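Since the model is a prediction, treat every value here as computed from it, not as a measurement.
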Amino acid sequence: MTAGVREEPREAVRPRTPRRLPLPTLLALLVGFAGVGYRLALLFADVPPTNSDEATMGLAALHIARGDGFPVWFYGQAYMGTLEAYLAAPLVALAGPSVLVLRLPTLALYALFLLLSWRLTRRLGGDRWYALLVVAVLALGADRVVKNQLIAGGGYPELNPAGAALALLTVGLCVTGPGARLPRWAAWGLVSGVLLWVDPLILPYVLTLGALLVARRWRELAGRTGMVLTGALLLGAAPMLADSIRHGRNPVAAVLAAGGTGSPAEWADRLYGALVLGPPLAMGFCSPGRCATWQLWWAVAFPVLLVLAALTAWHALRRTSGGPGSAERVSAGVRLALLGGAAGVLGAYAVSNAAGQTPIESSRYLSCLAVAVPALLWPLWQAARPLAAHRLTVRRRFAEVAASDRPAERQFAEVAVSEEGGYRHLPEVESIKATGGRAAGRTARVAGVGALAVLAGVLGTGVAATVDVVRAAPAVHAEADRHRSLVDTLGALDVRNVRGGYWTCNRLTFATGENVVCAVVDDDLTPGFDRLPAYRREVAADPDAAWVAPAGSPLAARLDERVGAESGALDVVTVAGWRIYLPRR
């Protein structure tokens, strides 16, 4: 007798189809990784070039890591908070002082900006392809752009991600229910407060987005929500407020005084620097350190596009049905706020002396124009999208014809007639309507072609400027190698205290981890501007303090006059690109 085993019925197991990212989302992810990878490669190539201002932030990070001090402001001034130093301090404590370590947090901030910009574009109603376009534009890296994003010189790397975060929070506050909004109010206030401490350049965005929130949610702000917002804002700005109360400083006056020094610039120079050079430099259309004439086309396109985008957002805000919290109205309102913030940033820069005195370098003050890119390019996308969709439809229909069994000649004729908007055997009135439709269609196609041309110009000019940065990288890397040779030579000579120019001193001190301390002198050998006065006192106490100057500089020429064999003269040691002057012993 055999015993059989009866199989129990099993439920049919359906294989799960793995979820795939939509193609534009996948492409946006790849483009984002390419943008971050490009900047990481630049960091390993010592691009962009560092300077003493960035080294000053590095010294603050070094002091924080050692517990020697916890500075509120950039050394030597009463404005521009030291958030970058606090972000870099743990890495400096682990790996020691270096430009690469100092810039890793700024690279992370850039990656966050890409992610937030993609999300913001989607929340503002843009489809995935438009979000891909925004990421592609922001992934490009011209000279001024990568300097703003990567140099830890105070303020600029954190402005754009914070601005995008504020815009996203504003969208959420306008569309969610009251119970879910309280944490967002706290986050909005905290980010705004930190920004006011770090750098008030972002203030126009804070004001325009804040005005939108007041217009939409003013009833909530009169109660507990207003208290939460105010408390979070004060918490974010606490370092600035505490220092101002403790030392009686006015950071607002300090910021206004920093808008250009010396005699006032002419208005013609200010407007040229702000409206002609500023937008192309800040948005990434110019070569390293200059703007070629052909790269200035964005100076004409930018204000036109700014006005067109604002009118488009205003029209959408006026005609969109639904309550104040409807997605369409919120999207239009936030786009309008972003464009108003961009206009405010540009206007504030135009009235400053810096726009007329140092327009190339001071264009960094316009770095946060990038926050408005999702709103700025919106009208171009709206005009170009129907044209692209029309082409895809034609191709799809011709592909269907090719796969069909019907006579090809008849089907192609029908497709051609339908695509031209023609009608057969229709009443006269319908013919008139068709004629008007064809005219409107031609206008839309012309607008679409123009929009595609501008978008192609944006991407093409940005790519060309990015290539220029790559071409200039070997020279920047060679200069960094020469500076490392200088550091090594000073160590071999057992030099601990030196005097040098402003753009030499703090860079040298940070590169050596304060093993070499430098006091600033001007070209006539008189004391210069020391951001850390303690360095000057230490150097003054050393009778064997050396001098360091770039080869061929006015300071080197002045020191060469003191080289000789007599008592008290200087001996010179030459390093590639540098001259070290040692007191004769």
Side-chain angles (χ1 to χ4, degrees), residues 49-82 84-86 88-89 92-93 96-99 101-102 151-154 243 247 249 254 258 483-550 553-556 558-559 562 570 573 575 578-583:
T50 188
N51 55 48
S52 273
D53 281 348
E54 183 175 30
T56 300
M57 189 66 75
L59 289 168
L62 184 64
H63 298 160
I64 294 167
R66 292 174 176 172
D68 293 340
F70 301 94
V72 172
W73 304 115
F74 195 79
Y75 286 133
Q77 58 194 46
Y79 65 96
M80 199 157 66
T82 49
E84 293 163 22
Y86 284 93
V92 171
S98 72
V99 175
V101 166
L102 190 59
I151 292 179
D243 182 81
H247 299 287
R249 295 170 176 169
H483 192 268
R484 283 187 280 267
S485 297
L486 170 66
V487 171
D488 293 340
T489 303
L490 289 173
L493 294 172
D494 197 28
V495 173
R496 292 291 177 264
N497 295 288
V498 301
R499 295 179 178 88
Y502 176 84
W503 296 111
T504 297
C505 270
N506 280 1
R507 182 185 178 187
L508 182 59
T509 303
F510 176 67
T512 62
E514 292 188 311
N515 288 328
V516 175
V517 172
C518 183
V520 178
V521 293
D522 293 330
D523 291 340
D524 59 0
L525 307 185
T526 58
F529 174 48
D530 285 288
R531 289 191 175 273
L532 290 96
Y535 290 166
R536 173 165 298 282
R537 292 191 292 269
E538 182 174 343
V539 172
D542 183 3
D544 295 326
W547 303 74
V548 175
S553 66
L555 179 59
R558 188 64 178 268
L559 290 169
R562 298 178 56 180
L570 299 175
V573 176
V575 185
W578 293 91
R579 292 172 72 79
I580 303 171
Y581 299 87
L582 303 172

Note to self: According to side chain to side chain donor-acceptor pair (under 3.5 Å), who are the partners of Tyr535, at least two apart in sequence or on a separate chain?
What the structure shows: Glu514

Margin query: Within the structure provided, determine whether Thr504 and Trp578 are in side-chain contact (heavy-atom separation under 4.5 Å).
Written below: yes

Notebook entry, point to check: Where do Ala89 and Ala65 come nearest, in terms of heavy atoms and distance?
Noted result: O-CB, 3.5 Å

Notebook entry, point to check: Side-chain contact, heavy-atom cut-off 4.5 Å: Arg558 with Asp523?
Noted result: no

Margin query: Does any part of the side chain of His63, heavy atoms only, come nearer than 4.5 Å to the side chain of Tyr75, both counted from C-beta?
Written below: yes

Notebook entry, point to check: Counting N and O atoms only, with roles assigned by atom type, does the side chain of Thr509 sit under 3.5 Å from a partner on the main chain of Val517, one being a donor and the other an acceptor?
Noted result: no

Next item on the list: Calculate, to the nearest 0.5 Å, the distance between atoms CG and CG belonging to Asn506 and Asn51 respectively.
Entry: 10.0 Å

Note to self: Could you measure the distance from the CG atom of Asp488 to the CG atom of Leu493? Nearest 0.5 Å is fine.
What the structure shows: 11.0 Å

Check: Does some side-chain heavy atom of Leu508 sit less than 4.5 Å from a side-chain heavy atom of Val487?
Finding: yes

Check: Atom CG of Leu490 and atom CZ of Arg496: how far apart are they, to the nearest 0.5 Å?
Finding: 9.5 Å

Next item on the list: Write down the atom of Tyr86, the atom of Phe70, and the distance for their closest heavy-atom approach.
Entry: OH-C, 3.1 Å

Check: Ala85 and Ile64: which non-hydrogen atoms are nearest, and at how many Å?
Finding: CB-CD1, 3.9 Å

Checklist line | Side-chain donor/acceptor of Asp530 to backbone N/O of Val520, under 3.5 Å | finding: yes

Notebook entry, point to check: Which pairs pass disulfide bond (SG atoms under 2.5 Å apart) with one or both residues in residues 497-541, sequence neighbours excluded?
Noted result: Cys505-Cys518

Checklist line | Minimum heavy-atom distance Pro71-Thr82, with the two atoms named | finding: O-OG1, 2.7 Å

Next item on the list: Would you indicate whether the side-chain heavy atoms of His483 and Thr50 approach each other to under 4.5 Å?
Entry: no

Item checked: Polar side-chain atom of Asp524 near backbone of Thr526 as donor-acceptor pair, under 3.5 Å -> yes

Note to self: For Ala546 versus Val495, what's the shortest heavy-atom pair and its separation?
What the structure shows: CB-CG1, 4.0 Å

Item checked: CG on Asp544 to CG on Asn497, rounded to 0.5 Å -> 9.5 Å

Check: With sequence neighbours left out, what residues match Arg537 under side-chain contact (heavy atoms from CB on, under 4.5 Å)?
Finding: Pro533, Ala534

Next item on the list: For Arg579, enumerate each residue passing the side chain to side chain donor-acceptor pair (under 3.5 Å) test, keeping only those at least two apart in sequence or located in another chain.
Entry: Asp560, Tyr581

Checklist line | Rounded distance (nearest 0.5 Å) linking atom OG of Ser52 with atom CG of Leu59 | finding: 9.0 Å

Margin query: Nearest 0.5 Å, please: how far is CG in Leu62 from CE in Met57?
Written below: 13.5 Å

Margin query: Between Asp522 and Leu555, is there a side-chain heavy-atom distance shorter than 4.5 Å?
Written below: no

Notebook entry, point to check: Which pairs pass salt bridge (charged side-chain N to carboxylate O under 4.0 Å, His left out) with one or both residues in residues 51-60, sequence neighbours excluded?
Noted result: Asp53-Arg531, Glu54-Arg103

Margin query: If I compare all heavy atoms of Gly153 with all of Met80, which pair ends up nearest, and what's the gap?
Written below: O-CE, 3.7 Å

Next item on the list: With sequence neighbours excluded, give me every salt bridge (charged side-chain N to carboxylate O under 4.0 Å, His left out) pair touching residues 68-79.
Entry: none

